[in-house]
Amino acid sequence: MVTGSAGFIGGHVADALRAAGHDVVGLDVRHRTDARDTGDVRHGTDAGSAEDVRHRADAGDAHDRWHTADVRDATALDELLPGVDMVVHQAAKVGLGVNVSDLPDYTSVNAHGTAVLLAAMARHTIAHLILASSMVIYGEGRYTCTAHGPTRPAPRSVQDLENGRFDPACPRCGEPLTHAVIEEDARPDPRNAYASTKLAQEHLAANWARETGGRVAALRYHNVYGPRMPRDTPYAGVAAIFRSALEAGRAPAVFEDGRQLRDFVHVRDVARANLAALSAPVRPGELRAWNIASGTPHTVGDLAEALASERGGPSPRVTGEYRLGDVRHIVASPGRAAAELGFRAEIGFEAGMKEFARS
């Protein structure tokens, strides 16, 4: 079963599973042909356009079962889970959100929805879960101080952000920090509602694994982009926001100074990572996590420039604006995924942006 199967990532994962010969039970709060390219995620999906979703429907075969249901609906899960031997949990309310009014929805969909799913899996003795986690659980990435070594910076203050001081400083000496690669053993430090609920998903899944002897492969996606990505909404990723601006003839508005680092990974690579996780080396009763990333970070400014170049402008505009829940730099190590899953991203930044700019 793939939850969130009408969504951006979930749809690609379901396609990849079917192409590999698996029978897929798809579950999403909306019917595939009802999805719209607004990226409406109020009920836990990040759907692509109606055309994309309809294409997936037409490409299906008689062995696949697709169902419109909410992951929080225990009755629906009890009807659909018999015969399922593995769950790939992609359904979530995504994005940074608008303000604290989003807290109940994030908690309901991401935390409560996962709890309902896990309880249903226990009832039906399904012992294998692939969980779509996220790099946002790390908060600020890993940093070092010349004087004090590895350092976890405090949340950036409003005063510093207002004054254009975007890079975190050492909390002990106040000197600038140098960003470093973050690995899966880093202590979580979620800094917004989405991050907190994604970490809650991992905790709940780990609890389920310990109590049932189940196995959890937690895939910590970094900044995913690619075809079928939702259009510009308050919950969309920065790549979608920039592309929508360019489609409308507007310059992409780059927050802060544009130098914040991210790892942009193509959605088809993410789907391949899910296939690799089917045979992940996870012991019964264990949750094990992997960074799913390209291993080649770029700045947000690089992203805006690449998309503007592919579409012929207009050039990005650096605004100095900020969002308090954003973090500055997060640079991933994909080494564990390479060593243990055999996963390496195949689609480079330039090729991926060329496709995405016109998709």
Side-chain angles (χ1 to χ4, degrees), residues 6-12 30 32-56 92-99 101-102 105 136 161 166 192 194 221-268 270 298-326 347-359:
F8 165 46
I9 298 175
H12 281 277
R30 290 172 299 170
R32 291 166 298 158
T33 56
D34 292 338
R36 296 292 182 263
D37 63 358
T38 57
D40 182 354
V41 292
R42 289 173 296 174
H43 299 291
T45 62
D46 50 348
S49 70
E51 180 181 355
D52 290 329
V53 176
R54 192 174 299 111
H55 168 75
R56 296 199 292 277
K93 182 176 175 67
V94 301
L96 186 60
V98 178
N99 53 45
S101 66
D102 280 322
D105 232 10
V136 295
L161 293 168
F166 300 121
N192 57 60
Y194 175 59
Y221 301 158
H222 286 251
N223 288 69
V224 186
Y225 73 96
R228 308 179 197 161
M229 193 173 191
R231 301 293 171 172
D232 186 3
T233 79
Y235 306 94
V238 66
I241 292 170
F242 288 166
R243 183 182 61 181
S244 293
L246 289 162
E247 288 175 345
R250 302 190 309 271
V254 181
F255 281 15
E256 301 187 16
D257 58 4
R259 297 184 185 134
Q260 55 270 47
L261 281 167
R262 299 290 188 271
D263 189 304
F264 298 99
V265 58
H266 197 280
V267 68
R268 288 198 297 274
V270 170
H298 289 81
T299 69
V300 173
D302 290 340
L303 170 69
E305 291 283 359
L307 292 174
S309 176
E310 289 298 331
R311 295 193 64 90
S315 296
R317 176 174 57 89
V318 177
T319 69
E321 296 174 81
Y322 63 88
R323 297 190 302 180
L324 198 57
D326 274 336
I347 301 173
F349 183 78
E350 291 185 3
M353 289 299 153
K354 185 181 292 291
E355 176 195 31
F356 177 65
R358 301 289 179 180
S359 65

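Remember, it's a predicted structure, so these values are computed and weren't measured experimentally.
Here Glu350 contributes atom CD and His298 contributes atom NE2; the two are 7.5 Å apart, rounded to the nearest 0.5 Å. The distance from atom CD1 of Ile347 to atom CD of Glu355, rounded to the nearest 0.5 Å, is 6.5 Å. Put simply, CG on Asp326 and CZ on Arg262 are 6.0 Å apart, with the number rounded to the nearest 0.5 Å. Within the model, atoms OH of Tyr322 and CG of Asp257 stand 14.5 Å from one another, a figure rounded to the nearest 0.5 Å.
Checked by atom type and distance alone, the side chain of Ser309 never pairs as donor or acceptor with a backbone atom of Glu305 at under 3.5 Å. Remark: side-chain polar atoms of Glu310 are not paired, donor with acceptor, to backbone N or O of Phe356 under 3.5 angstrom. The main-chain N or O of Ala245 is never found under 3.5 Å from a side-chain atom of Glu247 such that the two would form a donor-acceptor pair.
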Mind running side-chain contact (heavy atoms from CB on, under 4.5 Å) on Phe242 and Val300 for me, showing each step along the way? CA-CA 10 Å; Phe242 288 166; Val300 173; 3.7 Å; yes
Determine, stepwise, if the pair Asp102 / Lys93 fulfils side-chain contact (heavy atoms from CB on, under 4.5 Å). CA-CA 10 Å; Asp102 280 322; Lys93 182 176 175 67; 4.2 Å; yes
Take His12 and Arg268 through the test side-chain contact (heavy atoms from CB on, under 4.5 Å) and record every step on the way to the result. CA-CA 7 Å; His12 281 277; Arg268 288 198 297 274; 4.1 Å; yes
Evaluate the criterion side-chain contact (heavy atoms from CB on, under 4.5 Å) for residue pair Val224 and Phe8; output intermediate values, then yes/no. CA-CA 10 Å; Val224 186; Phe8 165 46; 3.9 Å; yes
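The minimum heavy-atom distance between Pro227 and Ser359, with the atom names listed, is CA-OG, 3.9 Å. Across all non-hydrogen atoms, the minimal contact from Thr319 to Ala253 is CG2-CB, 3.8 Å. Scanning both residues, Phe166 and Gly320, for their nearest heavy atoms gives CZ-O, 3.8 Å. Heavy atoms only, all atoms of each residue included: Phe264 and Thr299 are closest at CE1-O, 4.0 Å. When all heavy atoms of Arg358 and Arg311 are compared, the pair lying nearest together is NH2-CA, 3.4 Å. Between Met229 and Gly237, the shortest heavy-atom contact is CE-CA, 4.1 Å.
The aromatic ring centroids of Tyr225 and His266 lie less than 6.0 Å from each other.
Partner of Pro316 under the side chain to side chain contact (heavy atoms under 4.5 Å, CB included) criterion, out of Val254, Leu303, Leu307, Asp302: Val254 alone.
By the 4.5 Å heavy-atom criterion applied to side chains, Arg228 and Val267 are not counted as neighbours.
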